[in-house]
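In what follows, a single structure is set out as structure tokens and then discussed.
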Amino acid sequence: MQVRHRGARLAVPLTIIPLLVGIAWLLTSVPVRADDGCVLTPSGIDCGFRGSTTSTSMAVATGFYRYLRMREHPTVGTCWQWYREPPGWDRWNWSHSVAITIAQRDHPECPAWGWRVVSVSTRAWAIFRSFPLSGPSLDVRPSIGIANLATVIAVGRPAELRHRERLPDGRMLEVRAAVETVRIDWGDGATTTLSPGEASGPGALHAYALKTCTAAYRRSHPSGRNCHPALDSYPIGVVLSWRGRYSTGGAWTNLGTLNRSTTLGYDVDEVVGIPVAP
């Protein structure tokens with residue numbers, strides 16, 4: 001059926017008057033938005049600029065798709081898909097015909113599965129898990145510890161990671177990940193939890209009470225009793241807790257945390273004073 005702008009008229013032969021009566025009944029039986037208001041007149045069907053002989057409610061009921069949009073699909077890349085509601089290129093607007101033709105010529109049709117209603121949190125979690133979350137970068141001073149003197153560990157602060165993408169429903173999804181806490185397990189039962197700024201700035205200090213020695217040294221050397229009874233070195237573990245969050249333009253929603261860790265063996269010696277004759 002041909003659609004005209006306001007003021008236009010369609011010549012209607014008498015033979016199709018029963019058809020127009022049927023259309024009139026259908027239009028009055030289905031709710032029609034004001035800007036869709038096609039009016040049946042004695043000389044034809046008079047439609048507003050945005051109107052048509054098919055109302056939005058009728059389109060939903062019949063599954064008719066009117067607006068073509070471009071989308072970024074996770075598998076096929078840039079593709080096109082028809083929608084019932086704007087925005088998009090209007091297939092009933094002749095000035096959009098060229099753009100629609102080019103889009104369909106140059107890009108594939110988006111797969112016809114339910115990705116338009118994909119859970120936002122599920123998609124945000126997938127992005128968060130795909131981020132290259134780095135592990136701890138350590139600066140340990142001194143490289144070999146001294147019993148009862150402070151060991152200092154500084155942990156580099158990774159940059160915040162961000163990702164933005166357009167969701168199938170038109171909203172913009174933004175996902176971010178940043179280190180929330182740094183936890184140091186010193187290997188002797190003591191732990192320290194720091195903010196990223198503290199860990200990368202002054203770092204954390206810890207003094208070991210006992211030196212570490214090999215099992216043979218502990219058994220045979222007279223000073224073996226001064227060693228840790230079981231450890232050849234202290235197993236230091238450092239954990240970065242990355243927190244993810246997402247937003248679609250409003251408040252931010254937490255996704256939880258993912259940890260990245262590293263360990264190292266840390267040898268601790270002792271300084272022994274030796275009397276020197278004057």
Side-chain angles (χ1 to χ4, degrees), residues 121 124-163 175-246 252-278:
S121 60
W125 254 111
I127 295 169
F128 180 31
R129 288 195 300 269
S130 71
F131 276 149
L133 306 178
S134 60
S137 174
L138 308 182
D139 178 18
V140 183
R141 303 185 303 271
S143 57
I144 297 177
I146 304 297
N148 298 310
L149 294 179
T151 293
V152 181
I153 295 182
V155 184
R157 183 176 187 174
E160 182 181 58
L161 301 175
R162 301 183 181 188
H163 173 81
V175 182
R176 298 183 181 182
V179 174
E180 184 176 60
T181 59
V182 179
R183 185 177 184 274
I184 302 174
D185 183 341
W186 297 96
D188 62 351
T191 60
T192 303
T193 301
L194 306 168
S195 70
E198 293 170 331
S200 62
L205 285 74
H206 179 70
Y208 291 95
L210 299 173
K211 66 179 180 178
T212 55
C213 311
T214 64
Y217 185 94
R218 292 196 299 269
R219 288 193 305 267
S220 60
H221 197 277
S223 298
R225 63 181 181 276
N226 297 329
C227 302
H228 190 283
L231 297 176
D232 294 354
S233 62
Y234 289 103
I236 297 178
V238 181
V239 179
L240 302 185
S241 289
W242 289 83
R243 178 165 295 279
R245 56 191 182 126
Y246 73 91
W252 288 89
T253 300
N254 286 325
L255 287 167
T257 58
L258 294 174
N259 293 335
R260 297 294 183 266
S261 61
T262 190
T263 59
L264 72 148
Y266 189 63
D267 186 24
V268 175
D269 291 345
E270 66 177 348
V271 175
V272 178
I274 300 176
V276 178

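Basis for what follows: all heavy atoms, side chains included, without hydrogens, waters or symmetry-related copies.
When atom types are taken as modelled, the side chain of Asn254 and the backbone of Gly256 share no donor-acceptor pair closer than 3.5 angstrom. In this structure a side-chain-to-backbone donor-acceptor pair under 3.5 Å is missing from Ser233 to Asp267.
The OG1 atom of Thr212 sits 6.5 Å away from atom CG of Asp269, with the distance rounded to the nearest 0.5 Å. The NZ atom of Lys211 sits 14.5 Å away from atom CG of Leu231, with the distance rounded to the nearest 0.5 Å. Taking OG of Ser130 as the reference point, atom NE2 of His163 lies at 7.5 Å (rounded to 0.5 Å). How far CD of Glu180 is from CZ of Arg245: 10.5 Å, rounded to the nearest 0.5 Å. One distance of note links CZ of Arg243 with CG of Leu255; it measures 9.0 Å at 0.5 Å rounding. Once rounded to the nearest 0.5 Å, the distance linking CH2 of Trp242 with CG of Leu240 reads 7.5 Å.
Nearest approach of Phe131 to Arg176, heavy atoms of both residues: CE1-C, 4.3 Å. Taking each heavy atom of Arg218 and Cys227 in turn, the nearest pair found is CG-CB, 3.9 Å. For the residue pair Val182 and Val155, the shortest heavy atom distance occurs at CG1-CG2, 3.9 Å.
For an aromatic pair to be called close, the ring centres must be under 6.0 Å apart, and Tyr234 with His228 satisfies this.
By the side-chain contact (heavy atoms from CB on, under 4.5 Å) test, Thr181 is found to be paired with Thr193, Ser241, residues two or more places apart in sequence or in another chain being considered.
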Evaluation steps, side-chain contact (heavy atoms from CB on, under 4.5 Å), between Ile236 and Val238: CA-CA 7 Å; Ile236 297 178; Val238 181; 4.3 Å; yes
Pair Arg157-Val179, side-chain contact (heavy atoms from CB on, under 4.5 Å): steps then yes or no: CA-CA 8 Å; Arg157 183 176 187 174; Val179 174; 5.8 Å; no
Expected list for residues 195-205: side-chain donor-acceptor pairs under 3.5 angstrom, two or more places apart:
from: Ser195; atom 1: OG; to: Glu198; atom 2: N; distance (Å): 3.2
from: Ser195; atom 1: OG; to: Glu198; atom 2: OE1; distance (Å): 3.3
from: Glu198; atom 1: OE1; to: Ser195; atom 2: N; distance (Å): 3.0
from: Ser200; atom 1: OG; to: Pro196; atom 2: O; distance (Å): 3.0
from: Ser200; atom 1: OG; to: Gly197; atom 2: O; distance (Å): 3.3

Would you mind writing out the side-chain donor-acceptor pairs for residues 132-154 within the sub-3.5 Å range, not counting sequence neighbours?
from: Asp139; atom 1: OD2; to: Arg141; atom 2: NH1; distance (Å): 2.7
from: Thr151; atom 1: OG1; to: Tyr266; atom 2: OH; distance (Å): 3.1

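In this structure, the side chains of Val175 and Leu161 stay at 4.5 Å or more apart for every pair of heavy atoms.
The aromatic rings of His206 and Tyr208 stand perpendicular to each other, their planes meeting at an angle above 60°, with 30° marking the opposite boundary.
Between the side chains of Thr192 and Trp186, at least one donor N or O lies within less than 3.5 Å of an accepting N or O.
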